[in-house]
Student: 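First the structure, then my questions, so here it is.
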Amino acid sequence: MIRKILIANRGEIASRIIRTCRKLGILTVAVHSEADSDSPFVGLADEAYLLGGSRVQESYLNVNKILEIAKETGAEAIHPGYGFLSENADFARSCEEAGLIFIGPKPEIIQQMGNKVEARKKMEQAGLPLVPGFSRPLIDSAEAAAVAEKIGYPVMLKAAAGGGGIGMQAVANEDELIKAFEGNQKRAQLFFGNGDMFIEKLIEKPRHIEIQVLADSFGNAVYLWERECSVQRRHQKVVEEAPSSFLDEETRNKMGMAAVKAVKSIGYSNAGTLEFLVDADKNFYFLEMNTRLQVEHPVTEEITGLDLVEQQIKIASGNKLDFTQSEIKQDGHSIEVRIYAEDPKTFYPAPGRITTMELPEGEGIRHELAVHGTSVVSHFYDPMIAKLVVSGESRDKAIERLREALASYKIEGIKTNLPLLMEIISHEAFSQGDTTTDFIAKYIKKLTV
Amino acid sequence: MAELKASMAGNVWKIVANEGQSVTDGQDIIILESMKMEIPIAAEEAGTIKELKVNEGDFVNEGDVLAVIE
């Protein structure tokens with residue numbers, strides 16, 4: 001078993017990883033930026049080192065410095081968390097070359113799954129259904145129109161380099177498509193320096209449902225069922241739950257088995273997540289694979305009783321999975337909400353200093369925190385400052401607990417999305433499980449961005 | 001005359017128009033960046049950019065004036 005781990009990340013996930021290491025008797029090394037010197041994870045680790053300035057290039061993406069500290073402190077492995085270097089194949093390779101274990105899959109696999117086009121091709125070969133689309137960038141709006149005609153409207157226009165919903169637009173007919181094509185291409189070029197556009201069939205009333213998998217280095221793989229993450233703003237998840245209230249037993253098993261077959265066929269190892277869109281008729285389409293721990297992994301832990309970080313470390317240590325598919329049981333229902341430092345109406349980021357923080361405690365309530373009661377939430381990093389995870393024996397019970405917990409959740413000094421979260425989970429459509437990806441736009445408000 | 005204001009606190013990531021340039025309603029003038037999110041700030045009416053009040057890399061607070069359009 002690995003004895004010392006450097007955590008190349010920050011915020012709540014760094015604290016989360018340290019917690020499991022402590023449970024397993026593994027020593028931890030935290031690395032941090034100037035802006036994070038006062039962050040909870042820095043104090044939690046056995047050792048902590050400054051990487052450099054606050055900008056991510058100087059700190060959390062500073063590969064040479066991270067590797068240097070790993071060597072100097074005698075760390076045997078690096079846990080990359082999510083974001084930052086977690087899906088950077090070159091970093092994984094550099095770790096290997098430096099004699100360090102990268103806690104995640106092999107660099108070749110990260111690279112394959114990181115390229116959207118190649119990942120789609122690979123997974124199609126492995127038997128996963130894809131959203132009908134076009135596999136190379138479109139030349140111009142005329143070609144886009146021809147392709148859309150063939151696929152059938154409505155279609156989704158997507159920028160290849162897009163993120164956060166920029167360069168992405170649903171269009172219902174040729175007029176709209178021609179108009180949208182150039183605008184989105186220009187914007188994608190301006191934002192990402194790459195104006196390549198793709199087209200896909202628009203899946204109507206879609207849900208975002210993902211399958212968690214675990215695979216060891218001996219060809220064993222299991223699925224830990226699904227998480228539904230349909231409630232999103234700006235194409236980013238806000239509420240996640242397990243199990244999905246929409247899937248039936250048959251679809252659930254079908255998706256799980258398809259995911260396991262796919263990861264076995266590509267030779268995947270460690271924890272991973274396959275993201276799918278599921279339409280109203282319960283057809284599922286592969287979107288992408290995340291070759292790392294997900295933000296929303298706690299809801300899976302709550303219903304399976306497994307510690308996913310522990311599993312990651314064991315797999316990276318060269319252990320075999322010590323359970324089979326039939327030994328994994330799910331029990332109860334779990335919901336996670338992401339607490340963002342942002343304006344609850346415009347969703348614009350809102351950095352600042354926290355003046356008060358009071359958190360609910362009680363049965364079935366779990367906190368993952370990036371901040372403390374007097375933290376400065378910096379504009380340098382992601383706006384997610386905390387996750388509230390609530391569990392109960394049924395979905396109704398979990399929602400009830402979540403509503404009570406949110407009612408007494410207090411963060412002052414900065415704007416947060418707490419009012420929005422309360423509005424979402426108190427909505428009748430949420431109770432009824434009518435959670436398609438347009439939930440916020442449809443039931444809460446029109447998006448302004 | 002209209003003042004173009006920052007809708008959030010963050011860094012001025014890119015300035016995509018010049019002083020003296022005529023712009024149309026809805027045209028992006030400045031792109032702010034904060035917490036991994038880029039927000040374009042667009043002109044709310046057509047006109048000429050009289051003054052750019054910020055430089056790329058500057059930190060601005062919500063409500064700060066970024067440019068003046070007339």
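Treat the numbers as computed from the prediction; the structure is a model and nothing was measured. In what follows, chains are A, B, ... by sequence order, proteins preceding strands, each numbered from 1.
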Student: Can you tell which part of B:Asp28 gets under 4.5 Å to a heavy atom of chain A, answering side chain, backbone, both or neither?
Tutor: side chain
Student: Look up atom CG in B:Asn11 and atom CZ in A:Arg55, then write down how far apart they are to the nearest 0.5 Å.
Tutor: 7.0 Å
Student: Answer yes or no: does atom CD of B:Gln21 have more than 12 heavy-atom neighbours from other residues, nucleotides or ligands under 6.0 Å?
Tutor: yes
Student: Rounded to the nearest 0.5 Å, what's the gap from OG on B:Ser34 to CZ on A:Phe380? Could you check?
Tutor: 9.5 Å
Student: Less than 4.5 Å apart, any side-chain heavy atom of B:Met37 and any of A:Phe347?
Tutor: no
Student: Look at atom CD of B:Glu44 and say whether more than 12 heavy atoms of other residues, nucleotides or ligands are closer to it than 6.0 Å.
Tutor: no
Student: Could you have a look at A:Ala341, A:Pro349, A:Ser378 and say which one has the most heavy-atom pairs with chain B under 4.5 angstrom?
Tutor: A:Pro349
Student: Taking the side chain as every heavy atom from C-beta outward, state whether A:Lys415 and B:Met8 have any pair of such atoms under 4.5 Å apart.
Tutor: no
Student: Sequence neighbours left out, what pairs pass salt bridge (Lys or Arg N to Asp or Glu O under 4.0 Å) with at least one residue falling in residues 377-386 of chain A?
Tutor: A:Asp382-B:Lys36
Student: Is it the backbone or the side chain of A:Lys186 that comes under 4.5 Å from a heavy atom of chain B, or both, or neither?
Tutor: neither
